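One structure below.
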Amino acid sequence: MSLDAELLLDWFADTARDLPWRRPECTAWGVLVSEIMLQQTPVARVEPIWHEWLARWPTPSAMAKASQGDVVRAWGKLGYPRRALRLHAAAQAIAEQHDDVVPQDVNTLLALPGIGAYTARAVAAFAYGQKCPVVDTNVRRVVARAVHGAGDAGPPSTTKDLKDVEALLPENDKAAAVYSAALMELGALVCTARAPKCADCPVFDACAWQLNGRPAYDGPAKAVQKFAGTDRQVRGLLLDVLRGTVEPVAKARLDVVWSDAGQRDRCLHSLLTDGLVEQTREGLFALPGEH
DNA sequence: AAAACGTGGTC
DNA sequence: TGACCAAGTTT
């Protein structure tokens, strides 16, 4: 079972969103920044911040010169702010060890902080037009349905997932890279998690899920992430105070965001450990590297 | 290998 | 309204 590349490529050419990191003039650095920002964060929230970042830090070396605090503040409310710190560290590594050029090699990319199996291949494919399987949550869902005839993807298995997608890719490097983007776009726009728009699907006729009678997902239940009341929420509240000020603040300013002192202090400590917050000699708190 | 890690929109 | 979901990585 394989999906007709031409159908998907034609659909992509007609339907794909005009995203700034897909423009021909976008640099590899721009692609890398987009991929990090898009980890678990929707396109609509990434786009404006991406524009700000590329205008402010058009190259890895430009970002390498910024302070960690500047980067964390500019990250705003994209979420998972450790990504900002890791991207800053990656920028420094690229500037210092790779002549300010984003690496093309998957294994070299994998060695950079914050770059994992997905992002390394996304950069190789989308920034450099290489043929290599790019597997994200969209692609896993599309493959689970269209190829395996399941209702949804089961638990991830990097090795098997890469192999599944590798088998689908067209021979030609450039075509394979566009095909990878098309697979993701199909999952994002048509083959969605809830209420897939099968009537609009370019590979409807070849879809194993359709041919299989659209069975429901039968894999293990997916764990739902709680947020309210968790350390994640409290860390977010604490960091939000610091994002809003340039001057270091007294602990009392942080204490007001959460009533449970034990949880509050544990979270502040974890932020310090993560390097997202620093304490000044005077005992005040601030974003890192700005004082 | 499961769990931690932000934030906001949607149905 | 609250569960589910969003271009994952790290430990």
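Just so it is clear, the model here is predicted, and its values are computed rather than measured. Letters A, B, ... mirror the listed sequences (proteins, then strands); counts begin at 1.
- With respect to the salt-bridge test (charged N to carboxylate O, under 4.0 angstrom), the residues A:Lys251 and A:Asp265 qualify.
- Rounded to an integer number of Å, the gap from CZ of A:Arg140 to C1' of C:dC5 is 14 Å.
- One finds a side-chain N or O of A:Lys77 lying less than 4.0 angstrom from the OP1 or OP2 phosphate oxygen of B:dG8.
- Of the candidate nucleotides B:dT10, B:dT7, B:dG6, B:dT7 has the atom lying nearest to any side-chain atom of A:Arg243.
- Nucleotides C:dT9 and B:dG8, compared at atom P, are 23 Å apart to the nearest Å.
- With rounding to the nearest 0.5 angstrom, the CZ atom of A:Arg232 is 4.5 Å from the CD atom of A:Gln225.
- Using a distance-only test at 3.5 Å, with no hydrogens or angles considered, no donor-acceptor pair links the side chain of A:Gln68 to the main chain of A:Leu85.
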Provide a list of protein-nucleic acid N or O atom pairs under 3.5 angstrom, restricted to nucleotides 8-11 of chain C.
{"residue": "C:dG8", "atom": "OP1", "partner": "A:Thr137", "partner atom": "N", "Å": "3.4"}
{"residue": "C:dG8", "atom": "OP2", "partner": "A:Gln40", "partner atom": "N", "Å": "3.2"}
{"residue": "C:dG8", "atom": "OP2", "partner": "A:Gln40", "partner atom": "NE2", "Å": "3.0"}
{"residue": "C:dG8", "atom": "N7", "partner": "A:Gln40", "partner atom": "NE2", "Å": "3.4"}
{"residue": "C:dT9", "atom": "OP1", "partner": "A:Gly116", "partner atom": "N", "Å": "2.7"}
{"residue": "C:dT9", "atom": "OP1", "partner": "A:Gly116", "partner atom": "O", "Å": "3.3"}
{"residue": "C:dT9", "atom": "OP1", "partner": "A:Thr119", "partner atom": "N", "Å": "3.0"}
{"residue": "C:dT9", "atom": "OP1", "partner": "A:Thr119", "partner atom": "OG1", "Å": "2.7"}
{"residue": "C:dT9", "atom": "OP2", "partner": "A:Ala117", "partner atom": "N", "Å": "3.4"}
{"residue": "C:dT9", "atom": "OP2", "partner": "A:Tyr118", "partner atom": "N", "Å": "3.2"}
{"residue": "C:dT10", "atom": "OP1", "partner": "A:Gly114", "partner atom": "N", "Å": "2.7"}

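- Between atom CG of residue A:Leu3 and atom CG of residue A:Leu9 there is a gap of 11.0 Å, rounded to the nearest 0.5 Å.
- OP1 and OP2 of C:dA7 both lie 4.0 Å or more from every side-chain N or O belonging to A:Arg45.
- Within 4.0 Å of A:Leu19, counting heavy atoms only, lies at least one base atom of the nucleic acid.
- Between the P atoms of C:dC4 and B:dA3, the separation comes to 16 Å (whole Å).
- Map A:Pro81 and A:Ala223 each onto its nearest nucleotide of DNA chain B; the residue landing nearer the 5' end is A:Ala223.
- Residue A:Arg17 is classed as a base contact, given a heavy-atom separation below 4.0 Å to a base.
- Per the geometry, CD belonging to A:Glu47 stands 14 Å off P belonging to C:dA7, to the nearest Å.
- One interatomic measurement links the two molecules: CH2 of A:Trp75 to P of B:dC5, which rounds to 17 Å at whole-angstrom precision.
- Whole-Å rounding puts the A:Lys226 NZ to B:dG6 P distance at 18 Å.
- C:dA7 and B:dA2: their C1' atoms are spaced 23 Å apart (whole Å).
- Using a 4.0 Å heavy-atom criterion, one finds that A:Asp231 contacts the sugar-phosphate atoms exclusively.
- Annotation: of the two residues near DNA chain C, A:Glu35 and A:Arg194, the 5′-most nearest-nucleotide partner is A:Arg194.
- Note on A:Ala193: only backbone sugar-phosphate atoms sit closer than 4.0 angstrom, heavy atoms only; bases stay farther off.
- Panel note: side chain A:Arg83, backbone A:Ile36; a donor-acceptor pair is recorded below 3.5 Å.
- Salt-bridge formation is not detected for the pair A:Arg140/A:Asp164: no Lys NZ or Arg NE/NH1/NH2 atom is positioned less than 4.0 Å from an Asp or Glu carboxylate oxygen.
- Spacing between atom CZ of A:Arg266 and atom C1' of B:dA4 amounts to 12 Å, rounded to whole angstrom units.
- A salt bridge does not link A:Arg22 with A:Asp18: every distance from a Lys NZ or Arg NE/NH1/NH2 to an Asp or Glu carboxylate oxygen is 4.0 Å or more.
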